[in-house]
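This report concerns only the one structure given below.
This structure is a prediction, so every number in the text was calculated from the model and none was measured.
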Amino acid sequence: SPGALAGAGLGGYSTQTYGFLPHAAAVPVVAFAIIAVALRYLIAEAKPQAVGHQKFRLPRHRAANLAGWMARLPRSWEAGGS
């Protein structure tokens with residue numbers, strides 16, 4: 001992911017510039033700060049409302065069925081056609 005690539009690049013630069021011990025101390029501090037900010041938004045999410053039960057139906061749109069078969073067929077060939 002782009003975030004992991006940026007983190008690896010910045011981590012390598014900070015380790016090269018400041019050494020491994022300051023870098024090892026800074027990584028958890030930054031991670032906990034990001035978690036603290038994100039946790040506020042995760043907890044504030046509204047609870048889902050209960051909805052009546054609906055009978056399961058397969059999608060009727062041809063593009064959805066085509067995408068499903070395109071995802072399934074290569075895996076069946078890898079597994080020996082099962």
Side-chain angles (χ1 to χ4, degrees):
S1 72
L5 186 62
L10 290 173
Y13 176 75
S14 69
T15 301
Q16 185 179 17
T17 306
Y18 304 112
F20 70 91
L21 201 55
H23 172 71
V27 167
V29 170
V30 171
F32 285 131
I34 291 172
I35 290 170
V37 170
L39 198 59
R40 187 177 81 190
Y41 293 104
L42 291 175
I43 293 175
E45 288 184 2
K47 303 266 184 201
Q49 298 294 326
V51 181
H53 179 72
Q54 295 179 351
K55 185 177 176 182
F56 175 77
R57 288 188 1 201
L58 291 174
R60 301 218 184 264
H61 198 270
R62 289 184 182 177
N65 291 328
L66 178 64
W69 280 107
M70 288 173 62
R72 172 71 179 120
L73 286 177
R75 290 192 176 109
S76 64
W77 291 327
E78 290 174 359
S82 59

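Between Ser14 and His23, the shortest heavy-atom contact is OG-ND1, 2.8 Å. Listed here is the closest heavy atom pair of Pro28 and Ala24: CD-O, 3.0 Å. Scanning both residues, Pro22 and Gly19, for their nearest heavy atoms gives CD-O, 3.6 Å.
Here the CD1 atom belonging to Ile34 is positioned 13.0 Å from the CG atom belonging to Leu39, to the nearest 0.5 angstrom.
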